[in-house]
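Proteins get letters first, then strands, A, B, ... in listed order; numbering begins at 1 in each.
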Protein chains: 4
Amino acid sequence: MTSKPPPRARRADARRNRARILEAADAVFAEQGPGAVTEDIARRAGVAIGTVFRHFPSKQALVEAVFITRLRFLTEQARALCAAPESSGEEFFDFFARWVELSADKQSFVDALTAAGVDVQARAAAGEYPVVRAELLEAVAALLRQAQRAGAVRADIGAPEITALLIGTARALQHAGAQQGPRARLLRVLFDGLRPQPDRAGDRDRSDGARSDSEG
Amino acid sequence: MTSKPPPRARRADARRNRARILEAADAVFAEQGPGAVTEDIARRAGVAIGTVFRHFPSKQALVEAVFITRLRFLTEQARALCAAPESSGEEFFDFFARWVELSADKQSFVDALTAAGVDVQARAAAGEYPVVRAELLEAVAALLRQAQRAGAVRADIGAPEITALLIGTARALQHAGAQQGPRARLLRVLFDGLRPQPDRAGDRDRSDGARSDSEG
Amino acid sequence: MTSKPPPRARRADARRNRARILEAADAVFAEQGPGAVTEDIARRAGVAIGTVFRHFPSKQALVEAVFITRLRFLTEQARALCAAPESSGEEFFDFFARWVELSADKQSFVDALTAAGVDVQARAAAGEYPVVRAELLEAVAALLRQAQRAGAVRADIGAPEITALLIGTARALQHAGAQQGPRARLLRVLFDGLRPQPDRAGDRDRSDGARSDSEG
Amino acid sequence: MTSKPPPRARRADARRNRARILEAADAVFAEQGPGAVTEDIARRAGVAIGTVFRHFPSKQALVEAVFITRLRFLTEQARALCAAPESSGEEFFDFFARWVELSADKQSFVDALTAAGVDVQARAAAGEYPVVRAELLEAVAALLRQAQRAGAVRADIGAPEITALLIGTARALQHAGAQQGPRARLLRVLFDGLRPQPDRAGDRDRSDGARSDSEG
DNA sequence: TATGAATGAGTGTTCATTCAT
DNA sequence: AATGAATGAACACTCATTCAT
């Protein structure tokens, strides 16, 4: 009675489902952290729990997929910003601010990210993760180099530090809450620290005494 | 042989157990996050599971107790550093570095901290938490004011920003891993950003162009 | 071989499981009281523990479901007996005897009933309970009125008293054990008390002696 | 230093403790049923949990002790009422009413009683229970015989039926709640049933047949 | 392929009972 | 004898995962 639907139709459906699940997972993990119950994600995606597991063989795999999707998104951003031919180096700060806003919006973008990241570090040297991660790192590195060449960012730091700072800053902003004042101040501190630094003679070592001179 | 034990003997034992549980919980939460299994904590503390629940009526209560203990420790640190009469303001940076090292050592000091913190914000306006938190904030604020008076820290930030930065930095260091190079560089960036800033005329807007001059 | 199963197939299975669980719970609660271990019920029903909790969100819910099922059964009985057009009023006694036998068979039909009932009184003014209870009460009342109209039952009692008597009698029979002699005698006392009473002038005070005349 | 207290003093203390525990247990079981937590009893008695277990080797033993105490109390009541030399037989109804009020006052006097009773039936053919039970039964029997001799109670029932009725009635009253109207009506039904019965021609025996005529 | 009911190991929590003090 | 902290088996309930339909 029911004429068999063309097999392509299914494929399209399946692909759409996969996308919806990923989207739902992203949202739910952002709201509730990676501890969220998988059925919530299914419900949000409008599919049955079985469908989630058909597309992602385990919850861990789903978390990683969300994680990787996020990394890819950031990589694209970084690449796009890097494309400008004549750069003043400020694109770097744009990227930083954008990521960090994105992260703090979704409550714990970074929670899931790091939570997954930790697990991933442990045993997902396999999978696409290392590649995706390397690509993001390279994109960030390129952006950073560009900014450093333009003199917008101090020369003594590299992409790994930037990544760590991004994650840390997202957390800091998350803690700061929604108020614009503190958020702006936090970023200002960060950005000032990232600029090429004046010759603060002997900071931490000698100058303290020196400065205390001018003060005491 | 054993001279009559003081009447508080039992109490002392119980107090020791409580301490051991707290210690074990601190360690286990640091290693595995607040999702750690309560029985692991009991095992680590060398007591039966019932004993854990005798001292802390729920897992949540245990998490909060660990959290509060950490906050208290930090408060003490801040107060001690603030006690120096003639301050150059550098104690502030000491505190910052110390906290952050402490946090990053224990894998997710801040995870549990924030995890608990989130829950706490939601419903523990009661309990000791608000008090402890206020005390820590005040201690940090005092240390910060001292440093600002001494000219060691920029004047346009307050204790809330510092708290957020502390948490974020701990996270960043955690992400950076154990290597000393990146960790030191991260802190340098942060600290530079916290210093009183030179008149970076028109940062972000004009000066960039100006500086890019000297470089491009 | 198997012709295409109706689309509700799964549902049917699930419904059967629900029924089996309910049945098993009824039996187990009857044997061991409402304190019975939920896994025993699962085992008896031939399902896993999770399945029990899928169908009944908590043990309390299961107890109540069993309770309500019993009430419904009794309501049906009462209604069926009430349907007879030309009644001599003896259906009432049939109902009474039937309920009470049913109850006493299952060791503590009434235990669970009351145990649940007590809890229910406390907080389940919601749910189906009030409705089901009202329906049973009404059915019993109808049966009672019928019997009273026919002159088979005394006029000075109502449905609430009957309900209480039913519960109490079930308990009494349960205590009396399985022997037929005592059980029959108990019911005889009850039924005699429920009949329209002769003018026992001065009961409790004098007339007893008088009547003992005509009997002794 | 502390001169050893005379050993008798301890004994008195211990005996007092035992009594207080029993009293507390009676109250707590009455309020919460035999599922009540043992520590609640200890708290109510003003002793430590260990003391409860020193006096009663297990919770079950405590329940049984309470049970037996109650039985003893009832036995005394029955005996006292039986002592009247010239009896009209109404003492029997007094006893009945008194017990039943007592039971219904304490919410589930009879719950615990029966709950314990069930267990006891199963395995406490040992202990004092059989003796105490026999004594109560005998006292009730004596009271009953007295009432039957006086013509106040029908002749075709014995002490076992009365016991069952007592328990059942207590339950019925408990279900009826606190209102005086229904309670009184319930007792009236019961008492009327217990009186010597008039020759109700054909009840249950012939009239049924008669009816079966007209019906089928 | 999608569905969603079933599974069952795992977890937080309770509480009768023991035992060092 | 009394205390009350410690014990640990037992239980209700959850949730990732499987599988019959």
Subject >> Pair assignment for F:dT17, Watson-Crick or G-U wobble, requiring both distances under 3.5 Å >> reply: E:dA6
**OP:** Report the residue from D:E31, D:E39, D:E23 that forms a side-chain hydrogen bond (donor to acceptor under 3.5 Å, both in side chains) with D:R44.
**Re:** D:E31
Original post:
How many Å lie between CZ on D:F56 and P on E:dA16, as a whole number?
Top reply: 15 Å
Original post:
Are any of the side-chain heavy atoms of C:L22 and C:F56 separated by less than 4.5 Å?
Top reply: yes
**OP:** Quick one: look up who F:dA1 pairs with, Watson-Crick or G-U, both distances under 3.5 Å, and put none if it's unpaired.
**Re:** none
Original post:
In whole angstroms, how far is the C1' atom of F:dC15 from the CZ atom of A:R43?
Top reply: 12 Å
Original post:
Between B:A48 and C:F53, which has a closest nucleotide on DNA chain F that is more 5'?
Top reply: B:A48
Original post:
Any side-chain N or O of B:T51 under 4.0 Å from OP1/OP2 of F:dT7?
Top reply: yes
Original post:
What's the shortest heavy-atom distance between C:L62 and C:I21, and which atoms?
Top reply: CD1-CG2, 4.2 Å
Original post:
Rounded to the Å, how far apart are B:L62 CG and E:dG12 C1'?
Top reply: 12 Å
**OP:** Starting from the 5' end of DNA chain E, give me the residue, C:R18 or B:G35, whose nearest nucleotide shows up first.
**Re:** C:R18
Original post:
Using a cut-off of less than 4.0 Å, is there contact between a side-chain N or O of D:H55 and OP1 or OP2 of F:dA2?
Top reply: yes
Original post:
What heavy-atom pair brings B:F29 and B:P34 nearest, and what distance separates the two atoms?
Top reply: CD2-CA, 3.7 Å
Original post:
Under 4.0 Å: is that the gap between some side-chain N or O of A:N17 and OP1 or OP2 of E:dA2?
Top reply: yes
Subject >> C:A36 or B:V47, whichever maps to the more 5' nucleotide of DNA chain F >> reply: B:V47
Original post:
Tell me: CZ of B:R20 to P of F:dA5, nearest whole Å?
Top reply: 17 Å
**OP:** Can you tell me the distance, in whole Å, between the CD atom of D:Q32 and the C1' atom of E:dC15?
**Re:** 14 Å
Subject >> Nucleotide nearest C:I49 (side chain, heavy atoms from C-beta), chosen from F:dA6, F:dC13, F:dT18 >> reply: F:dC13
Original post:
Is the shortest side-chain N/O distance from A:T38 to OP1 or OP2 of F:dA16 below 4.0 Å?
Top reply: yes
Original post:
Can you tell me how far P of F:dT18 sits from CD of A:E39, to the nearest Å?
Top reply: 15 Å
Original post:
Between B:R54 (CZ) and E:dA16 (C1'), how many Å, whole number?
Top reply: 13 Å
**OP:** Over all heavy atoms of both residues, which pair between C:A42 and C:V52 is shortest? Give the atoms and the distance, please.
**Re:** CB-CG2, 3.7 Å
Subject >> Distance, rounded to the nearest Å, where A:I21 contributes CD1 and E:dA2 contributes C1' >> reply: 10 Å
